[in-house]
Number of protein chains: 2
Amino acid sequence: LCWKANSDALLNYPNLEVVQSVGAGVEHIHTLQGLTDKITICRLVDTNLSNDMWEYLLAAVLGHMRDFSFYSINQQSKKWNPKPYPSIKEKQIGIMGLGEIGGHVAKQFATMGFNVRGWSGSKKNIQGVESFDGNQFDEFLNGVDILINILPLTPQTQNILDRQNLSKLNKHAYVINVGRGNHLVEEDLIELLEEGFLSGAMLDVFKTEPLPESHPFWNHPTIQITPHIASETNLDSATDLIVENYKRLISNQALLHVVSQVKGY
Amino acid sequence: LCWKANSDALLNYPNLEVVQSVGAGVEHIHTLQGLTDKITICRLVDTNLSNDMWEYLLAAVLGHMRDFSFYSINQQSKKWNPKPYPSIKEKQIGIMGLGEIGGHVAKQFATMGFNVRGWSGSKKNIQGVESFDGNQFDEFLNGVDILINILPLTPQTQNILDRQNLSKLNKHAYVINVGRGNHLVEEDLIELLEEGFLSGAMLDVFKTEPLPESHPFWNHPTIQITPHIASETNLDSATDLIVENYKRLISNQALLHVVSQVKGY
């Protein structure tokens, strides 16, 4: 069982059969020394993780639509400055990643009445969600007002949130990153915010965590930071899954939530 | 048609039959000079008002549960300080006022999976919502973690959010006021926050609006202020209702959404 182990952690276990991540992501396992295709990697799939992510993202999106950050800045300078708010039907949400968590989030946003589209390797059939496949990334980005990244981190998705791609969103789009810090080209985000092309960002994940004190994100007026709390592993339900997988292992049954070492997720 | 008219506004119209509020509240009409029981008061009932209020309150409640204000303050001092968040099932929401708007909000919170109770003059039958009547105010307050006030303002409900009543909530309760500023005894709220009994408040309405620059709410660290934007009259749908009521008036049909001058709502 591991989460961001030291890079040489596997070398002590020559007979290792399974590495079970205690979080939803497994990118921290792929880079370990001594990993071979004889070792099975399993990830954590837990409805609690999906629900928690949904609640965080709903708070983020509704808070953005109702300008809570704008009013918080106004409060600091004692400014009473009401402004009209959009209807949720006027805004297009785009979700990158429609796996266990992203798919759940997309479906819930659609149920609430939002316009939702999603992008993933293969097209998904989710009620109320317009689905785009791996080859349709530009079509997906074009027209999005609120971009949510929940992709797994792989060599293919690293730095995917760069100037070139973010520039395809609607003007004044808002970006929410709950995937991984390495999905985002940080300088590009800051430039697009300062040029006024993007209106703001809510970030829960960072290249380096904790985010270093010297980092320009901290005091950027249109960036809202949370310290990787969007969705935390629930010890009770995670333990249940791990025990289940252990029982399957010792009785030679197929393990749950095995990761493809080729796809990386 | 009016919204917060001058106190002598009715005196110019000796043959006045109807005063139609262009907002959901009518307390601004009851205090006008020359109002008699021969004048019918109508209020605005609009599903847009209820939906907008629901979205605002959901953003406020989820943002509170995920500590967005706490993280925003930490961000100012560049502090990375993740803390565990509660499950929505662990928290008790209490809604004061189960009319058109409050009833809708209560039902929606219950549908999302929150524990919801409501208090109103008479018991209401709303799926998933525990209902308390006018005589059960103490029972209603006892055990509430997140208190939402959406009551109409009447002589009976004025100053209802005072030390005596707020002290009956659970320790560290959070208070959201989207009713009227005159429901709240402002000094009592500040005292209970400073004593640490209440954990915070989100306020959208105030005794005096715009909130005066000298008011202590502005720079209180655990009070979040929005400038009366929780739910704004939608011009298109409000116009439809007003035209409908006008047609009913000239054809001697019963008007929609007539207010009781005795109850005041």
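Residue numbers begin at 1 in each chain, while the letters A, B, ... track the order of the sequences.
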- prompt: If you tally heavy-atom pairs under 4.5 Å against chain A, which of B/His215, B/Met112, B/Lys79 wins?
  reply: B/Lys79
query: With only heavy atoms counted, which part of A/His228 is less than 4.5 Å from chain B, the side chain, the backbone, both or neither?
result: both
statement: By salt bridge (Lys or Arg N to Asp or Glu O under 4.0 Å), A/Lys89 pairs with (sequence neighbours left out) none
message: Please list all pairs meeting side-chain hydrogen bond (donor to acceptor under 3.5 Å, both in side chains) that have one or both residues in residues 96-114 of chain B, counting only residues at least two apart or in different chains.
response: B/Asn51-B/His104
field: Proximity of residues 193-213 of chain A to chain B, residues having a non-hydrogen atom under 4.5 angstrom
entry: A/Met202, A/Phe206, A/Glu209, A/Pro210, A/Leu211, A/Glu213
Contact summary for A/Pro227 and B/Asn81, nearest pair of heavy atoms: CG-C, 4.0 Å
query: Using non-hydrogen atoms only, which part of A/Phe70 is less than 4.5 Å away from chain B: side chain, backbone, both, or neither?
result: neither
message: As an exercise: rank B/Leu58, B/Thr226, B/Ile223, B/Asp52 by heavy-atom pairs under 4.5 Å with chain A and give me the winner.
response: B/Asp52
query: Side chain, backbone, both or neither: which part of B/Asn234 has a non-hydrogen atom closer than 4.5 Å to chain A?
result: neither
query: What residues of residues 59-69 of chain B sit under 4.5 Å from chain A when only non-hydrogen atoms are counted?
result: B/Ala59, B/Ala60, B/Leu62, B/Gly63, B/Arg66, B/Phe68
statement: Assert top hit (heavy-atom pairs under 4.5 Å, partner chain A, pool B/Phe217, B/Tyr56, B/Tyr85) equals B/Tyr85
query: Can you name the closest pair of heavy atoms from A/Gln75 and B/Ile225 and give their distance?
result: OE1-N, 2.9 Å
query: How far apart are the closest heavy atoms of A/Glu232 and B/Lys83, and which atoms are they?
result: OE2-O, 4.0 Å
- request: Run the numbers on B/Lys78 and A/Asn219 for side chain to side chain contact (heavy atoms under 4.5 Å, CB included), then give the verdict.
  value: CA-CA 8 Å; B/Lys78 305 184 177 187; A/Asn219 49 18; 3.7 Å; yes
